[in-house]
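Remember, it's a predicted structure, so these values are computed and weren't measured experimentally. Residue numbers count from 1 along this sequence.
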Amino acid sequence: MTDLTTTVVRLKLSLLRGGLRQSKGRRDAFITSTVFALLFALAQLLGMILLRGQPHGYTVSVVGTGVLALGWAFLPLFFPTGDETLDPTRLVMLPLRPGPLVRSLLVASLVGIGPLVSVLLLAGCVLVPARGAAGWVVAVLALVLALLVCVALARTVAVANVRLLTSRRGRDLAVLSGLVIAVGSQLVNFGARSLGSGGLGRLRPVADVLSWVPPASAVAAVRTASEGSYGVAVAQLAITAAGLVVLVAVWARSLTKLMTAPDGSTLQAASDARAGRRRTRGLTRLLPGGRTGAVMERTLRYIWRDPKTKAAWVTSLAVGLLLPVFYAIQHTGSIYLACFAAGMLGLQMNNQFGQDTSAFWMVAQTISSPRDAYEELRGRALALLLITLPYATLVTVLTVALMDAWATLPRVLGLSLALLGAMLATGAYASARFPYSIPQEGYKNVVPGQAGIAWIAIFGGMVCSAVLCSPVIALVLWLGGGELSWLPLPVGAVYGAGLALLGLRLAAPRTAARLPEILTAVGKG
């Protein structure tokens, strides 16, 4: 078992090291993202230390542990992360027993930036309630148990969803998961607003419940031990330990099934493909001819048929609608939150080539000049506009109607169109400059070593898009609600279209020149 654990850990480190050696840009992106993550964790640790002795410090520590565990369970499934834990499906052909393999993978999962950040966050959570020798001893045990539960929970959920994100039958559940994430994010948002108005005391009932739910129960045991209630502290630690045992057992069982049972989820692939052809036959006749129409049809088929792409689109559609509509129903927030729909959908333009995965080499064979690259990018952008343009307009009109602010419609819609054009421009450029691979198998959305590139492409595109929209924002602020308040609508539409065309023109020659690098980057999945 020890030899297997050492081998798996060394293999993980080798994969990470090999990914960083591929290019200087990838190494710099990884270092940058790592530094920011550690700075965030250290800031949180300092904040928790400052909460020692405060009335609501214990509540924050218990609830924070629960939120951290929730993040470990679900965020790696739906967002790009730096988790390089080995995909167990790659070990199917090796003669490994589930028990030793689970222990080895558990130890390997503790290696990386994610576990280090979690250790710092959990250290802050256990420091807040720790008092006396007994409290500090329990704090050390609680830190170890909580970290192991978080990692085991993440691996258990991940193994259960490996087939989901790669199977045709599981695509509907993937879409449902996107909706759950979208709705859940809004619930967290409104919860944060409620805390802002009512204070941290509102979290006390939640903390009382979580104090008996692992891994938060381990943090609660630190306080009970510090108060001298040793029996209760032992019970809470035992609950966390029992939760760890259950998770490891479920993980081992799921791993055994994954590595021994055949995957029958694609048995209906042929019939599904025929149904998909019938559904898209009518749409194909409406698309333009030539390469543009072919690229648009291919892009739309990816959106409909690829589980990961479909889940990302459904999440963006749901969040882009829910956030402005929820605020509008409550008559709170700004009317300009309607622009959130254009921003969320514009993000889908990022990493266009990475979405093709290793199949991009077939597309690359048809690109021999900047003109070919421009037509390819234009077709993809037009396919996105078929969905994003009417949807962003619909969300804007609906938000304005719910808030009964019809006079602001030209300003809000013009700003939305400008933002959409800016997102298409930056997305096209980022696709050529910062491509990254989306694994075809497994639950990750980015391969090891490329997480920093993914985050830079996403957040860099968002910042650049906001800067590009500054002229329209200035125009909206300058005109206000005067007689020319209608002017931002045509200006925003023309300006957004110009930005999109300029972005495609600038990205095309870079795409044609960097085809070998793009192929290398997106072909790692």
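P471 and Y495 make their closest contact through CG-OH, 3.5 Å (heavy atoms, listed as atom of the first residue, atom of the second, distance). Taking both residues in full, the closest heavy atoms of A41 and V117 are given as CB-CG1, 3.7 Å, listed atom of the first, atom of the second, then distance. The two atoms that bring M344 and S316 nearest to each other are O-OG, 3.7 Å, heavy atoms only. What you find for V522 and Y436 is that their closest heavy atoms are CG1-O, 4.1 Å. Across A430 and N350, no two heavy atoms sit closer than the pair CB-OD1, 3.5 Å. The shortest heavy-atom contact between L385 and P390 is O-CD, 3.5 Å.
Within the model, atoms SG of C339 and CG of L415 stand 4.0 Å from one another, a figure rounded to the nearest 0.5 Å. One distance of note links CZ of R514 with CG of L519; it measures 11.0 Å at 0.5 Å rounding. Expressed to the nearest 0.5 Å, how far CD1 of I453 lies from CD1 of I458 amounts to 12.0 Å. Expressed to the nearest 0.5 Å, how far CG of L394 lies from CG of L321 amounts to 7.5 Å.
Among residues two or more places apart in sequence or in another chain, the side chain to side chain contact (heavy atoms under 4.5 Å, CB included) test is passed with T292 by P288, M296, R378, L382. Remark: R380 engages D356, E376 in a salt bridge (Lys or Arg N to Asp or Glu O under 4.0 Å) (not counting sequence neighbours). Partners of S211 under the side-chain hydrogen bond (donor to acceptor under 3.5 Å, both in side chains) rule, at least two apart in sequence or in another chain, do not exist in this structure. Annotation: side chain to side chain contact (heavy atoms under 4.5 Å, CB included) contacts of I456 (sequence neighbours excluded): A29, F434. With sequence neighbours excluded, no residue forms a salt bridge (Lys or Arg N to Asp or Glu O under 4.0 Å) with R510. The side chain to side chain contact (heavy atoms under 4.5 Å, CB included) test applied to L502 returns L506, not counting sequence neighbours. Residues forming a side chain to side chain contact (heavy atoms under 4.5 Å, CB included) with S61 (at least two apart in sequence, or on another chain): M48, Y58, C125, V128, P129, V219. By the ring-ring contact (aromatic ring centres under 6.0 Å, His included) test, F360 pairs with F353, sequence neighbours left out. Contacts of R505 classified as salt bridge (Lys or Arg N to Asp or Glu O under 4.0 Å), with partners at least two apart in sequence or in another chain: none. Applying the side-chain hydrogen bond (donor to acceptor under 3.5 Å, both in side chains) criterion to S485, with sequence neighbours excluded, gives no partner residue.
When side chains are defined from C-beta on, L287 counts as touching L386, because their heavy atoms get closer than 4.5 Å. With a 4.5 Å cut-off on side-chain heavy atoms, L121 and L45 do not count as touching. Between S431 and T511, every side-chain heavy-atom pair lies at or beyond the 4.5 Å cut-off. Counting heavy atoms from C-beta on, the side chains of L501 and Y374 come closer than 4.5 Å.
When each of I303, T299, L384 is tested with Q348 by the rule side chain to side chain contact (heavy atoms under 4.5 Å, CB included), just one qualifies, namely L384.
Counting only residues at least two apart or in different chains, ring-ring contact (aromatic ring centres under 6.0 Å, His included) contacts with residues 456-477 comprise W455-F459.
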- Task: Walk me through it: do L417 and L389 pass the test side-chain contact (heavy atoms from CB on, under 4.5 Å)?
- Result: CA-CA 8 Å; L417 296 178; L389 187 58; 3.4 Å; yes
- Query: Does the pair W313 and T388 meet the rule for a side-chain contact (heavy atoms from CB on, under 4.5 Å), with working shown?
  - Reply: CA-CA 10 Å; W313 268 92; T388 58; 3.9 Å; yes
- Evaluation steps, side-chain contact (heavy atoms from CB on, under 4.5 Å), between R291 and D372: CA-CA 9 Å; R291 177 170 186 145; D372 294 335; 4.1 Å; yes
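For T59 (side chain) and A207 (main-chain N/O), no donor-acceptor pair under 3.5 Å exists by modelled atom type. In this structure, the side chain of Y391 engages the main chain of L317 through a donor-acceptor pair within 3.5 Å.
Within 6.0 Å of atom CH2 in W212, more than 12 heavy atoms from other residues, nucleotides or ligands are found, so the atom counts as buried in its surroundings.
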Could you give the side-chain donor-acceptor pairs of residues 396-410 under 3.5 Å, partners two or more places apart or in another chain?
residue: T396; atom: OG1; partner: A392; partner atom: O; Å: 2.7
residue: T399; atom: OG1; partner: V395; partner atom: O; Å: 2.8
residue: T408; atom: OG1; partner: A405; partner atom: O; Å: 2.7

